Number of protein chains: 2
Amino acid sequence: MESRCENCIIRQFNSLRAMSKEELKSVSDSKITKSIKKGDALFEEGDKLNGVYCVRNGISKLSKLSANGKDQIVKLATKGEVLGQRSVIAEESTNLSAIAVQDMEVCFIPKESITNTLQKNPNFTLEVLRHMAHDLKEADDVIVNISQKTVKQRIAEAFLYLKNNFGEDEEGFLALTLSREDISNVVGTATESAIRIISEFKKKGLIHTSGKKIGIKNERKLMEMVEGF
Amino acid sequence: MESRCENCIIRQFNSLRAMSKEELKSVSDSKITKSIKKGDALFEEGDKLNGVYCVRNGISKLSKLSANGKDQIVKLATKGEVLGQRSVIAEESTNLSAIAVQDMEVCFIPKESITNTLQKNPNFTLEVLRHMAHDLKEADDVIVNISQKTVKQRIAEAFLYLKNNFGEDEEGFLALTLSREDISNVVGTATESAIRIISEFKKKGLIHTSGKKIGIKNERKLMEMVEGF
DNA sequence: TTCCGAACCTGACAATTGTCATAGAATCCC
DNA sequence: GGGATTCTATGACAATTGTCAGGTTCGGAA
């Protein structure tokens, strides 16, 4: 495993690429590499973060607990994404929990390295800004989807999203396997409703399953369903 | 009306305050002041923006059209807010429409003034970044609310939000009067459902109405309702 | 003023979704 | 390997929400 940030490929995918050699060196010297097991938390809602997490491997769900005790998953973050930025930048405690849905490898970067660079390197700041602008757009899309589409449409969309963003394994199952509960927390519905709709999709030949694993059989029909046919 | 950005009080409320004297001067020289009538659009979903809009007065709804033909209002923007930033920064066409819900006065600032400053003045960039971080957090909250709360709770919350953010007039009505349709588009429900719930609130003595105008009568009960009692 | 259209309101009904209860299947841990 | 626990699944039912179809009221224009 490469342990110098300067040489880390992951950097290509995130805002760290806009850092200068010296800045990267300082980040590299202060970072701490951590292994996170599936189900463990990187941080939890309300925590004050002393730094950000750069994901080298694995996938994390970012979720928020609602008053009625249900989690809403707001985003799934994978290799190359930086978590906790929003909180560090706004100097607020985080509004989301980050929990591993697969074993993960992350680098913890103390916030000083980040805030120093933010104040000195406009390219880096702009790069972070662009990323956040993108996240904001995605959040807007989620709002519209969740309020205007039926649960069925949202589940169909979630499967397509999982395929497009995380791919499939050799047997044609979605590479990212989520529990039924996680799926229902992504689309914002009751677990039983999600299960029922998954069964229905299976009966209609849109998907096939094997245990928790789900594979897409008829992508076109799923897409039509998302559009409302 | 003050026409030099350097002297504009609005600037105190947004990221423009982080600009240097010279930068502000250049913005001021290139800006165009516009009056927008209630119902007219500042820009529409899909437009490529050549600049941003700084709101001097009035209120705009930011909304996105969904496949089924309904608008979802994602945010209400008022005095001091800058619209179109996200799109200019990400160099994408906008994902939202901005339509005046009251007569407005705005300053159009060509994107060059903004992008130049973004590249040169890290304080400004950081300030913009902080604002966007805040918007992103709010968007996350909206996602959780919309997916986990009932329509009734969301409407109660919307009224409290309107009171806290836009205040009340002398007679105790919400200062920002929205049509029933706009209200339903804020909470993401059918217009009829919104109307029905407004009637119910009125019967229960939680609010009082006069034409389109709505006044809050029992704030405590509304708050309890939002919490789920 | 009077008319017209838009906005508001209400009822009846259907569809969607959530809740509760229960049972089987898978998984984990000793 | 076996028992406990968690996850998946399904039925029955209730609650919520949307849709359609009609009204009424309001505000602006002729």
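In what follows, every chain begins at residue 1, and chains take the letters A, B, ... in the order their sequences are listed. Just so you know, these numbers come straight off a predicted model, no measurement behind them.
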Discussion item. Students often mix this up, so state it plainly: with edges at 30° and 60°, are the rings of A:His208 and A:Phe173 parallel, tilted or perpendicular?
Written reply: tilted
Item to complete: With heavy atoms under 4.0 Å as the rule, sort A:Lys70 into base, sugar-phosphate or nothing.
Response: sugar-phosphate
Discussion item. Over all strands shown, is A:Thr150 touching base, sugar-phosphate only, or nothing at heavy-atom distances under 4.0 angstrom?
Written reply: sugar-phosphate
Provide, to the nearest angstrom, the distance between the [atom1] atom belonging to [X] and the [atom2] atom belonging to [N].
X        : N      : atom1 : atom2 : value
B:Asn68  : D:dT19 : CG    : P     : 8 Å
A:Leu178 : D:dT8  : CG    : P     : 10 Å
B:Ile146 : D:dT16 : CD1   : C1'   : 16 Å
B:Glu200 : D:dA15 : CD    : C1'   : 13 Å
A:Ile183 : D:dT8  : CD1   : C1'   : 11 Å
A:Ile198 : C:dT17 : CD1   : P     : 14 Å
A:Lys38  : C:dC28 : NZ    : P     : 8 Å
B:Glu181 : C:dC8  : CD    : C1'   : 11 Å

Taking N or O atoms only and anything under 3.5 Å, show me the protein contacts with nucleotides 10-12 of chain D, one pair per line.
from: D:dT10; atom 1: OP2; to: A:Ser199; atom 2: OG; distance (Å): 2.6
from: D:dG11; atom 1: N7; to: A:Arg196; atom 2: NH1; distance (Å): 3.0
from: D:dG11; atom 1: O6; to: A:Arg196; atom 2: NH2; distance (Å): 3.1
from: D:dA12; atom 1: N6; to: A:Arg196; atom 2: NH2; distance (Å): 3.3

Can you measure from [atom1] ([X]) to [atom2] ([Y]) and round to the nearest 0.5 angstrom?
X       : Y        : atom1 : atom2 : value
A:Asp71 : A:Asp182 : CG    : CG    : 8.5 Å
A:Ile89 : A:Lys111 : CD1   : NZ    : 12.5 Å
A:Ile32 : A:Cys107 : CD1   : SG    : 10.0 Å

Phosphate-side-chain proximity, [X] and [N], N/O vs OP1/OP2 below 4.0 Å:
X        : N      : result
A:Thr191 : D:dC7  : no
B:Ser193 : D:dT17 : no
A:Lys212 : D:dT8  : yes

Looking at [X] and [Y], does any basic side-chain N land under 4.0 Å from a carboxylate oxygen?
X       : Y        : answer
A:Lys64 : A:Glu45  : yes
A:Lys75 : A:Asp135 : yes
B:Lys48 : B:Glu92  : no

Practice prompt. Measure the angle between the two terminal helix axes of the helix from C:dT1-D:dA30 to C:dC30-D:dG1, five base pairs each, and quote it to 10°.
Written response: 50°
Worksheet entry | Partner of A:Glu200 under salt bridge (Lys or Arg N to Asp or Glu O under 4.0 Å), chosen from A:Lys203, A:Lys204, A:Arg196 | A:Lys204
Worksheet entry | Whichever of A:Val151 and B:Arg180 has its nearest DNA chain C nucleotide further upstream toward 5' | B:Arg180
Worksheet entry | First of A:Gly211 and A:Gly188 reached from the 5' end of DNA chain C, by closest nucleotide | A:Gly188
Worksheet item: Do the non-hydrogen side-chain atoms of B:Thr78 and B:Asn165 ever get within less than 4.5 Å of each other?
Response: no
Discussion item. Can you confirm whether the side chains of A:Glu157 and A:Asn145 place a donor and an acceptor under 3.5 Å from each other?
Written reply: yes
Fill in: Along DNA chain D (nearest heavy atom to each residue), the more 5'-positioned of A:Ser147 and A:Lys202
A:Lys202
